[in-house]
Amino acid sequence: MSEYKFQEIEQRWQEEWQRTDAYKTSNGSKKPKYYVLDMFPYPSGAGLHVGHPLGYIASDIFSRYKRLRGFNVLHPMGFDAYGLPAEQYAIQTGQHPEKTTTVNIARYREQLGKIGLGYDWSRAVKTCDPDYYHWTQWAFIEMFNHYYDNRTDKALPIANLEKHLAQHGTEGLDAACTTELNLTAEQWNAMSVKEKSDTLMNYRLAYLADTKVNWCPALGTVLANDEVVNGLSERGGHPVEQRIMRQWCLRVSAYSQRLLDGLERIDWSDSIKDSQRNWIGRSEGAEMHFMAKDIDITIFTTRADTVFGVTFMVLAPESKYVSMLTTEEQHAEVEQYLEQVRHRTELERIADKKVTGVFTGSYATNPLTGKNIPIYVSNYVLSGYGTGAIMAVPAHDSRDYAFAKHFNLPIIPLIEGADVSEQSFDAKEGIMINSPMKTDAADGQDRLVLNGLSVKEAIAKTKEYITAKGIGRVKVNYRLRDAIFSRQRYWGEPFPVYYKQDEQGESYPVMLPEECLPLALPDVDKFLPTADGQPPLGNAKQWAWDEVNHKVVNNSLIDHKTVFPLELCTMPGFAGSSAYYLRYMDPHNDRELVSREADEYWQQVDLYLGGREHATGHLIYSRFWNKFLFDLGLVCKDEPFAKLINQGMIQGRTNYAYRIVGTNKYVSLGLKDQYETQPIRVNVNIVHNDILDIDAFRNWMPEFKDAEFILEDGNYVCGYAVEKMSKTFYNVVNPDDIVEHYGADTLRLYEMFLGPIEQSKPWDTNGIDGVHRFLKRLWSMYDNITDTEPNADELKSLHKLIKKVTQDIEGFSFNTSIPAFMICQNELTQAKCAKRAILEPLLVVLSPFAPHIAEELWHQLGHNTSVLDAQWPEWNEAYLVESKVKYPVSFNGKVRFTLEVAADTEAAEIERLALNDPQAQNWLAGKQVKKVIVVPKRIVNIVI
RNA sequence: GCUCCGGUGGUGGAAUCGGUAGACACGAGGGACUUAAAAUCCCUUGGCCUCACGGCUGUGCGGGUUCAAGUCCCGCCCGGAGUACCA
């Protein structure tokens, strides 16, 4: 019996596949296409751990399956090469991030290759490659040159807008914008270059604006909302504070509704669609106008029905109304409050739920009751949502309630039975009362009366009323904010932007001509910000744009006439990852992002695999970016990813040893309660099945050199806990080690066997031997192959397997295929079967999971073409069926039979077969059959 | 708080449309081979009762629908994930 030499087999086939370009995909093919994509990794210095390949293995299985099914499969891989760790490393060591990144990428490719993942590396992209970011910069320029037209619901050239403004001003314009403008054509035409530039910024899809940003002092850069978690930076966990800065932004919010609607048409998990819906945060409500003397304060509310319970108003500290409404007497107090708010970091704001606020001194008139109500400023109102001003209804909003209690403001309940003595009644249900209130002036005509209506009816009626009276209008609001696109970092895509000055010396941005792209990232001697606080690109000496000669020149030549300074910020991480899936379709095209032919051939990603942590980041930005390119007519699908699967995270399984306090003695898990112990994390790589390798432990670190042990049954048993996989917990398992020990095929099978792909689970090698044994047994089956015709049992076993595996792969539940292989193998071993007609198709269905062993055995069976190009076998239902009664069970006066019959057998036929079966008749002997119930799945219940 | 997902043996997890609950694997126990060990193979393995045949019970808890419920419905408990002054 020959030995299963997996190392030799795997190395040989990996080299062979590489030599023959086995995974190269062509764009022109008569076969139907299928595009499988993994979220490309950031190549970190730590290399891959066993958690990373989970999704890659799954997508690899799926691509191989699709290929065997006759599809032309695109399965590329690349690298999201810009990122903070390489830059932080550069700051510490002076090593150029490009160098670090190149080394890390080489390491990743080697590791991925060892797992036998079949990527077409000729299509690989990396985001830091100028040939790649050429198209990131290009897309940015296009966004700058477009605005969003709400009428046609698409992006249009900014030139159209300029023409409109020149002819009609803002009259008749319905475009996504930062603030609603009211301009006449004359006003527009009279503007200076700089003024026009500023005005257009209000509409451009990529625009420069002073915005409140998340500033992270430790990282020296701003962060997008999705990069801030609980007031700390996602990377590094540093505190983040609010600052007003001039930044490039993308008008993602213009696409809110389309991003929402698109979710209906794509096959993503409910949970991730839900996250996106939540993040976009559509809410239907009403805008209403409250007058404070001659100042019109517009508010947004979803509870128009509660307008009779408004007892005060609140403005966000950043609201433009604050300065307009603050009275002389209140001025000092308001200023002090604003100052206090300004100095708080995001984290402090989240942690501190204390009610704060200040009275402006002004009053507004409730447009429905005519009553005067005080206007406050408080940071519980956000400037970025709605209009930055609210009508406060303390009886029915918990935040307003807390504020009213604190400042002793009246609380008027508006819903029958609502007890508001202790807390507000926030539920949107009940019958309205006090609307209008008894104290309201009775003008007798056309008044809004809500009493007796349900909340829902009252909202509708109020909206109708305020619209008719011109007090307000129906309005939809979105929580989704525009993406801040500038980062004060070195290691990112440079903006293709330079700054000119007008006659007054005011600067405004100008895009580089598209034919001058890519604008390459310049060299710097230091990766830190400059002494005067400029971003790291401020250190570059060659960073000025010669407008005449179209080239980057030395900064000393800047004269603001023909040579201008270039933008010092770089783009954020999501810039490069937003359209990379398009580039794989046509990676070497130097004239466009993707050719029309390539785009029309590949269309969109059919299957996308990645972690769910990108739900509100990358997966929103990509959809936005793609929709924009779709509007421009450059891509043919308005959604980038037809189907999305989120693989779960593999957590670490940390092993613990228990040191007896104050000694260098360690007690086994089962005995530890007899001592006072202190748990110590042990390197998982010196523990097998929770049993510690004592010699390895002594050699692990000097402090354990003389360690003594109290054993149970001759072994030292470790405890365990599930934690994040991390170097500091000594629980990182490197896939290379597993590959060396068990082989790539075992690793692949085992990762799939661990559980459902979408579920997070700890890495636990305790079961890996079982999977490895399966492969060894399988290997030994191929020692004696005969050409004998298979019998019915063998065919049934094989076809059961084909059916199961086919359905599993289609349904993406690979974990249940592994048992199917084991069962089949078990059945065949019992049948002493080594028949070619059985084992050949078996190899084909196994090959996506364990490609190396399948390829080796395939060749041993005499094939001289790769198993990659075999044909996926179809199962034959006829082999699976025998008509016989199984499992007669009696209970509660019934006899139940399961019949194995063909799937399309009629109910009457099933009943006949059941009653005529000899085994069934034996059971029914001497009993009166009262009723026969035939239910789906060929189950027969006979009531006696 | 809100939204979503989940709760099945000692463990990871199976169970398609409501139809034999616990597949498969690990672990554990027993056995074969071996001087011995490793490797390999075989048997047992939810709980309770029984020499056995077999029976009872059992999918977080309490109800319900159904010939039939891990699965569907109602009400709880517990765990996980996401999100949060979003008016």
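By convention in this document, chain letters (A, B, ...) are assigned in the order of the sequence lines, proteins followed by strands, and residues within each chain are numbered from 1.
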Asks: Identify each atom pair where a protein N or O and an N or O of nucleotides 36-41 of chain B are less than 3.5 Å apart, giving names and distance.
Replies:
from: C41(B); atom 1: OP1; to: Arg777(A); atom 2: NH1; distance (Å): 3.3

Asks: Could you work out the separation of G22(B) and U71(B) based on their C1' atoms and round it to a whole Å?
Replies: 15 Å
Asks: Measure the distance from CG on Asp274(A) to P on A84(B) and round it to the nearest whole Å.
Replies: 14 Å
Asks: Expressed in whole Å, how much space separates the P atoms belonging to G63(B) and G58(B)?
Replies: 12 Å
Asks: When the nearest nucleotide of RNA chain B is assigned to Ala316(A) and to Asp769(A) on a heavy-atom basis, which residue is associated with the more 5' position?
Replies: Asp769(A)
Asks: Is a donor on one side and an acceptor on the other found under 3.5 Å between the side chain of Tyr380(A) and the backbone of Ala316(A)?
Replies: no
Asks: Is there a donor-acceptor pair under 3.5 Å between the side chain of Asn379(A) and the backbone N or O of Val341(A)?
Replies: no
Asks: Are Gln651(A) and Trp763(A) packed together at the side-chain level, in the sense that at least one heavy-atom pair is separated by less than 4.5 angstrom?
Replies: no
Asks: Can you tell me, in whole Å, how much space there is between the C1' of G70(B) and that of G7(B)?
Replies: 11 Å
Asks: In whole angstrom, what separates Asp397(A)'s CG from A84(B)'s P?
Replies: 18 Å
Asks: Among the nucleotides A25(B), C4(B), A87(B), which one has an atom lying closest to any side-chain atom of Ser271(A)?
Replies: C4(B)
Asks: Would you mind pulling out the nucleotide paired to C72(B), Watson-Crick or G-U wobble, both distances under 3.5 Å?
Replies: G64(B)
Asks: For Arg653(A), report the nucleic acid contact type (base, sugar-phosphate, nothing); a contact means any heavy atom under 4.0 Å.
Replies: nothing
Asks: Is there a side chain to side chain donor-acceptor pair (under 3.5 Å) between His772(A) and Thr746(A)? Walk through the geometry before answering.
Replies: CA-CA 5 Å; His772(A) 189 62; Thr746(A) 300; 2.9 Å; yes
Asks: Rounded to the nearest angstrom, tell me the gap between atom CG in Asp270(A) and atom C1' in C4(B).
Replies: 9 Å
Asks: Does U40(B) have a Watson-Crick or wobble mate here (both distances under 3.5 Å), and if so which one?
Replies: A32(B)
Asks: Round to a whole Å and report the spacing from CG of Asp426(A) to P of C85(B).
Replies: 16 Å
Asks: Counting side-chain heavy atoms from CB outward, which of U16(B), C24(B), A87(B) is closest to Ser283(A)?
Replies: A87(B)
Asks: Begin with the C-alpha distance, continue with both residues' side-chain angles, and end with the deciding distance and a verdict on ring-ring contact (aromatic ring centres under 6.0 Å, His included) for Phe774(A) and Trp779(A).
Replies: CA-CA 9 Å; Phe774(A) 157 70; Trp779(A) 177 259; over 10 Å; no
Asks: Write down the distance between CE (Met822(A)) and P (C26(B)), rounded to a whole number of angstrom.
Replies: 7 Å
Asks: Among C85(B), C26(B), U83(B), which nucleotide sits nearest the side chain of Tyr380(A)?
Replies: C85(B)
Asks: Can you check the His396(A) NE2 to C85(B) P distance for me, whole Å?
Replies: 23 Å
Asks: Has the side chain of Asn655(A) got a donor or acceptor atom that lies under 3.5 Å from a matching backbone atom of Val684(A)?
Replies: no
Asks: Distance between the P atoms of C24(B) and A15(B), in whole angstroms?
Replies: 13 Å
Asks: Using Watson-Crick or G-U wobble geometry with both distances below 3.5 Å, tell me the partner of C51(B), or none.
Replies: none
Asks: Judged by atom type as modelled, is there a donor-acceptor pair below 3.5 Å linking the side chain of Lys463(A) to the main-chain atoms of Ala458(A)?
Replies: no
Asks: Which atom pairs link the protein and nucleotides 8-14 of chain B when you take only N or O atoms and keep those under 3.5 Å?
Replies:
from: G12(B); atom 1: O2'; to: Leu754(A); atom 2: O; distance (Å): 3.0
from: G13(B); atom 1: OP1; to: Gln759(A); atom 2: NE2; distance (Å): 2.5
from: A14(B); atom 1: OP1; to: Asn815(A); atom 2: ND2; distance (Å): 2.9

Asks: Which nucleotide, if any, forms a Watson-Crick or G-U wobble pair with C86(B), using both distances under 3.5 Å?
Replies: none
Asks: Could you tell me how far A81(B) sits from G29(B) if I compare only their C1' atoms? Round to whole Å.
Replies: 40 Å
Asks: Applying a 4.0 Å non-hydrogen cut-off, can you work out what Ile390(A) is touching in the nucleic acid: base, sugar-phosphate, or nothing?
Replies: base
Asks: Is there a donor-acceptor contact under 3.5 Å from the side chain of Ser760(A) to the main chain of Met649(A)?
Replies: yes
Asks: I want to verify the glycosidic state of G13(B); is it syn or anti under the 90° rule?
Replies: anti
Asks: Which nucleotide, in any strand shown, forms a Watson-Crick or G-U wobble pair with G27(B), with both distances under 3.5 Å?
Replies: U45(B)
Asks: Considering Watson-Crick and G-U wobble pairs with both distances under 3.5 Å, what does A15(B) pair with?
Replies: none
Asks: Compute the centroid of each ring, for Tyr742(A) and then for Phe6(A), and state whether the two points are separated by less than 6.0 Å.
Replies: no
Asks: Write down the distance between CD1 (Ile823(A)) and C1' (G22(B)), rounded to a whole number of angstrom.
Replies: 13 Å
Asks: For the C1' atoms, the ones on G62(B) and on C77(B), what distance do you get once it is rounded to whole angstrom?
Replies: 10 Å
Asks: Taking side chain as C-beta onward, heavy atoms only, is Met39(A) less than 4.5 Å from His618(A)?
Replies: yes
Asks: Compute the ring centroids of Phe812(A) and Phe814(A), then answer whether they are less than 6.0 Å apart.
Replies: yes
Asks: Roughly how far apart, to the nearest Å, are G46(B) and G9(B) at atom P?
Replies: 13 Å
Asks: For U59(B) and G47(B), measure between their C1' atoms and round to the nearest Å.
Replies: 13 Å
Asks: Could you tell me which residues satisfy ring-ring contact (aromatic ring centres under 6.0 Å, His included) with Phe300(A), sequence neighbours excluded, listed by chain and number?
Replies: none
Asks: Mind checking Val771(A) for me? I need base, sugar-phosphate or nothing, with any heavy atom below 4.0 Å counting as a touch.
Replies: nothing
Asks: From G82(B), A84(B), C4(B), pick the nucleotide closest to the side chain of Arg479(A)?
Replies: A84(B)
Asks: Watson-Crick or G-U wobble partner for G79(B), using a 3.5 Å limit on both distances?
Replies: C5(B)
Asks: Checking base pairs now: Watson-Crick or wobble, both atom distances under 3.5 Å. What partners G58(B)?
Replies: none
Asks: Verify the contact: side-chain N or O of Tyr385(A) to OP1 or OP2 of A87(B), cut-off strictly under 4.0 Å; return yes or no.
Replies: yes
Asks: Report the residue (Ala820(A) or Asp400(A)) whose heavy-atom-nearest nucleotide on RNA chain B is the more 5′ of the two.
Replies: Ala820(A)
Asks: Measure CG/Asp808(A) against C1'/A23(B) and give the value in whole Å, please.
Replies: 12 Å
Asks: Between Ser813(A) (side chain) and Asn815(A) (backbone), is there a donor-acceptor pair under 3.5 Å?
Replies: no
